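The block underneath contains the structure these notes are about, expressed in structure tokens.
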Amino acid sequence: MDTEEVIRSLSRELTPVDPLAPAQVRAGRWALFAIVFVTAGTLLLEPRNDLLSRLRDPLFVLPNAVLLVVFLVCHRIAFELSVPGAERGTAARALAVWGVLTWGLVLAISHPTSIGAVPTGWRCISRTASLALLPSIAAFSMLRRAAPLKPGWTGFFALLAAAAIATSGMQMICAKDDPAHVLYWHFIPVLVCAAGGAQLGRWLLGRRLRP
Amino acid sequence: VDLDEQLSGLMRKAQDGDGRSYEDLLLQVSALARSFARARVAGPDLVEEIVQETLFSLHRDRHTWDPSRAFLPWFHAVVRHRWLDVLGRERRRHRVEVPVDPSMDEPASDPTLVLEPIRSLRRALALLSIRQQEIIQMLKLDGFSVAEISHRTGLSESSVKVTAHRGYKRLRQLLEGAHGY
């Protein structure tokens with residue numbers, strides 16, 4: 001079939017469409033939903049008893065501030081990547097990745113205990129997963145409506161954002177401040193989640209039959 | 001009139017369902033895509049493949065263009081990625097290209113040789129785009145009608161037919177290249 005025929009065929013089957021809202025608007029809607037959901041989930045799962053005093057400690061506040069910055073940067077990147085031509089340079093992506101890695105590095109330096117010496121934290125994992133699940137599903141379903149040209153990266157940043165906000169909530173619940181616990185049971189799951197997001201992005205947002 | 005303004009105007013009307021403006025837009029952007037592709041790939045077939053892939057993407061993703069933004073950056077992102085897709089596909093094709101087997105010209109003395117064309121067909125099918133593979137699979141192997149595929153995939157019937165047609169054409173080229181038929 002030659003190109004002129006393709007053009008005629010596509011023109012014949014044209015139907016009106018509602019343009020998607022701008023990427024930043026959709027990103028804002030998702031962020032609002034994620035913040036409300038994680039806040040409600042955190043309150044439901046009961047915040048730690050010493051939360052108010054811990055919020056005055058810079059060593060507690062700083063890592064959480066980093067997580068919130070990662071969340072804010074990553075969700076914008078994911079939604080911008082889902083619209084052709086809307087993506088920005090690599091500086092924001094580098095900032096997000098470096099934010100996460102700096103947090104991990106600080107944890108690793110402050111307590112190089114092996115994982116065997118740390119009590120298991122499956123409860124933290126399951127709670128973080130429950131806080132991240134709905135925002136992740138919402139992000140993927142919103143991103144699928146757009147047209148991500150880099151599905152792996154889009155999925156990576158979407159799940160990194162969801163994991164970051166969920167882990168931030170988890171930090172308000174979990175009373176174990178041991179850096180080794182935070183490293184193995186709070187930080188590494190964020191990385192695993194982001195890596196899984198890249199793969200999920202390729203499967204769910206990649207080249208597919210999209211209406 | 002600035003080209004971007006002109007194309008943005010046509011795209012806005014196309015989003016509202018104006019077929020004539022859409023055809024005009026597609027004609028203009030196909031020329032842009034063609035000149036983009038000609039500067040990057042050799043061979044008219046590849047150029048047209050990039051142009052057509054771009055048109056399909058534009059059609060499928062037309063709702064993602066924000067009318068308050070410029071049209072050309074959006075379009076260039078689409079055409080650039082379709083070019084990279086086609087380029088990647090071509091590289092994979094060349095990597096796994098089946099060498100011509102001289103014994104294929106002789107009558108099959110061994111019944112197991114009958115399996116060879118089936119294997120070639122499978123290999124060639126794997127080199128098509130995922131969309132083409134899925135539609136040909138549903139149409140020819142799973143026995144679905146065009147209407148059923150259209151319903152299952154959300155694509156229009158004519159898109160299904162166009163995709164299948166392009167898939168068959170590509171399959172024919174791959175098989176001719178592999179066996180010198």
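Predicted model, so just to flag it, every value in this text is computed and none were measured. Lettering of chains follows the sequences in order, A, B, ..., and the numbering in each one begins at 1.
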Could you check if a side-chain atom of A:Pro16 sits within less than 4.5 angstrom of a side-chain atom of B:Asp16, using non-hydrogen atoms only? no

Taking the side chain as C-beta and beyond, is there a heavy-atom pair between B:His81 and A:Lys150 under 4.5 Å? yes

[atom2] on [Y] to [atom1] on [X], rounded to 0.5 Å:
X	Y	atom1	atom2	answer
B:Leu26	A:Glu4	CG	CD	11.0 Å
A:Asp2	B:Glu48	CG	CD	8.0 Å
B:Asp24	A:Ile7	CG	CD1	10.0 Å
B:Thr64	A:Leu149	OG1	CG	8.0 Å
A:Leu14	B:Lys13	CG	NZ	13.5 Å

With only heavy atoms counted, which part of [X] is less than 4.5 Å from chain A, the side chain, the backbone, both or neither?
X	answer
B:His59	side chain
B:Leu27	both
B:Arg69	side chain
B:Arg20	neither
B:Ser21	neither
B:Ser30	side chain
B:Trp65	backbone

Does B:His63 reach the main-chain N or O of A:Arg145 with its side chain, forming a donor-acceptor pair under 3.5 Å? yes

Ignoring hydrogens, what is the shortest heavy-atom contact between [X] and [Y]? Give both atom names and the distance.
X	Y	result
A:Thr3	B:Gln52	OG1-NE2, 3.2 Å
B:Asp66	A:Pro22	OD2-CG, 3.4 Å
B:Tyr22	A:Leu10	CE2-O, 3.7 Å
A:Gly85	B:Ala77	N-CB, 3.2 Å

What I want to check is whether the side chains of B:Ser158 and A:Arg8 have a donor and an acceptor closer together than 3.5 Å. no

Answer yes or no: are there more than 12 heavy-atom neighbours, outside A:Arg123 itself, under 6.0 Å from its atom CZ? no

Taking A:Thr15, A:Asp18, A:Val83 one by one, which has the highest count of heavy-atom pairs under 4.5 Å against chain B? A:Thr15

